[in-house]
Protein chains: 2
Amino acid sequence: MASRENKNGIQQLKSRQVTLSGFEKNYGIELSVDCIIFGFDEEKLKVLLIRSDLTKYSGKWSLLGDLVFPSEDLDAAAYRVLKQRTGLSDVYLEQVSTFGTVSRHPAGRVVTVAYCSLINVQHHKLNILDNELHWHDVKSVTDLAFDHQQIFDTCLMQLQKRVQEHPLGFNLLPKKFSLRDLQNLYEAILNIKLDRRNFRKKFFSMDLLIDLDEMEQDVPHRPGKLYKFNFEKYGKKKKSWVGIDF
Amino acid sequence: MASRENKNGIQQLKSRQVTLSGFEKNYGIELSVDCIIFGFDEEKLKVLLIRSDLTKYSGKWSLLGDLVFPSEDLDAAAYRVLKQRTGLSDVYLEQVSTFGTVSRHPAGRVVTVAYCSLINVQHHKLNILDNELHWHDVKSVTDLAFDHQQIFDTCLMQLQKRVQEHPLGFNLLPKKFSLRDLQNLYEAILNIKLDRRNFRKKFFSMDLLIDLDEMEQDVPHRPGKLYKFNFEKYGKKKKSWVGIDF
DNA sequence: ATACAATGTGTTTAATTTACACAGTAAATG
DNA sequence: CATTTACTGTGTAAATTAAACACATTGTAT
């Protein structure tokens, strides 16, 4: 691939795979994953951040990530980071976007794939022994290290969109939750206020909540009923949605 | 990074960036981009494919892609591929997803970032001199090389979703188009039939089409009026859409 | 002149979304 | 134990949006 830079496109492409098969030259692009780990606690949407260990960004917070191993699937790398940090497996994890600006990392070329993860903060014992690791209210997340602010903003926006179209939010709640919990969650994610009666009507009309015939405990007021989400029923019904609107 | 594989997570992460800064070792993951180039012609949604040059996949069609250069932004690499193939710049291009299964490429580890591109087939003189490069009706795209079928399916689904929420479709049409053109486009992308009157009502009520006071030419029937899309007006109005439904 | 194949337009009905108020219940207080 | 407090739980009317549906008009081709 000596003449890589100056061949015409088709020639170049045709010779690519020949080169690739031999791996004569590696382009030196490092690949990493970054996990944007969301949690819901104290009626607020939180994100898990770690203090940057680069002097350039000392004092700043950054996302949790690591390089991808040569023989590791991308998703597996994201799961690995997640498990290392939270001790959790079997959590919601979704690829969001890949960030590959040449100078995004001060140490050299690193392309990173961002993953959004939603975890239930009750279900885990975080390794927050490490006092460099903290939950942050998403409303106060600013000025992250690297291009992590941009990555975070992208993930939060995608979460806001997707939570309205898919039952992602339940990953952030305990298995049993009240409708108030659910509404608080949506209000925290979307950063808006919703009408309580219409919110209930909406969810009841979807007919995807299972009434557990149990009540909240230890609340300082009239307890609400508890529900769980009917994932099975949701899995069966495929909604093919058509509605042009922009 | 001698002990990379057996350190605990936090230690490992802390040592990562030290290693990175020196680039002592490259993990040997190649990075590529693949462009899913859509066009609209003969009232059909088309995708541009090239014959695979790998013997393993001989006879099969594949997407257009190339390795990313070490000092090239990801988006720039996608633009480069696109320009080489179509001669077009200033076209719609959007990152869709990244595919990184270890064994997705027979020649070794290659992670690829998929980009969706929408081009106006009138506006370009394709280098289809190369008879290995062809437009294919998306309905008949099956059994692509590598994992390209999966990538293609992902991109088509994303296009179907996004075209309903954003004015992407106009990138596939000439600047001047009739409402029938527009409806044909949506029907081709979504693979459904739409009611003509409701379709018109919908678009007129958005008030984003500019009536050009011109008529179609050379049609073998009553000509329709021509419109263009009001990108400027669309850019100004930000719709913050809330509607939980799944 | 006529047949043809489109364009262009409106209304009625159903479905969905929004706005909005009051009674009921458990816990906490004195 | 009576009262206050702070929630839960429910229904209806109005407005908006989406869906179904038919006929007159215009230019082309014969």
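Numbered from 1 within each chain, the chains take letters A, B, ... in sequence-line order.
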Ring pair (Phe, Tyr, Trp, His ring centres under 6.0 Å) filter on A:F40, not counting sequence neighbours, yields none

5' to 3', nucleotides 16-23 of chain D under a 4.0 Å protein heavy-atom cut-off (B base, S sugar-phosphate only, - none) gives --SBBBB-

Sorted by chain and residue number, the side-chain contact (heavy atoms from CB on, under 4.5 Å) partners of A:R104 (sequence neighbours excluded) come out as A:D34, A:F99, A:T101, A:V110, A:T112, A:D147, A:H148, A:I151

Contacted region of DNA chain C by chain A, from 5' end to 3' end of the hits, cut-off under 4.0 Å to heavy atoms, spans C:dT17 to C:dA27

In short, salt bridge (charged side-chain N to carboxylate O under 4.0 Å, His left out) pairs touching residues 137-146 of chain A with sequence neighbours left out are A:K60-A:D143

A:Y92 meets the side-chain contact (heavy atoms from CB on, under 4.5 Å) criterion, sequence neighbours left out, with A:E94, A:L118, A:R162, A:L168, A:N171

B:Q150 meets the side-chain hydrogen bond (donor to acceptor under 3.5 Å, both in side chains) criterion, sequence neighbours left out, with none

- Task: Can you label the angle between the B:W61 ring and the B:H134 ring as parallel, tilted or perpendicular, going by 30° and 60°?
- Result: perpendicular

Sorted by chain and residue number, the side-chain contact (heavy atoms from CB on, under 4.5 Å) partners of A:N198 (sequence neighbours excluded) come out as A:D195, A:K201

**Asked** Do you see a donor-acceptor pair shorter than 3.5 Å between the side chains of A:Y79 and A:D73?
**Response** no

Say whether, by atom type as modelled, one donor and one acceptor occur between the side chain of B:E132 and the main chain of B:R51 under 3.5 angstrom. no

Expected list for residues 172-184 of chain B near DNA chain C, using heavy atoms below 4.0 Å, is B:R180

Hey, do the aromatic rings of B:Y57 and B:F146 have their centres closer than 6.0 Å? yes

Ring pair (Phe, Tyr, Trp, His ring centres under 6.0 Å) filter on A:Y234, not counting sequence neighbours, yields none

Sorted by chain and residue number, the side-chain contact (heavy atoms from CB on, under 4.5 Å) partners of B:M206 (sequence neighbours excluded) come out as A:I244, A:F246, B:K202, B:F203, B:L208

What pairs of nitrogen or oxygen atoms, one from the protein and one from nucleotides 24-28 of chain D, lie under 3.5 Å apart?
{"unit_1": "D:dT25", "atom_1": "O2", "unit_2": "B:R222", "atom_2": "NH1", "d": "2.4"}
{"unit_1": "D:dT26", "atom_1": "O4'", "unit_2": "B:R222", "atom_2": "NE", "d": "3.3"}

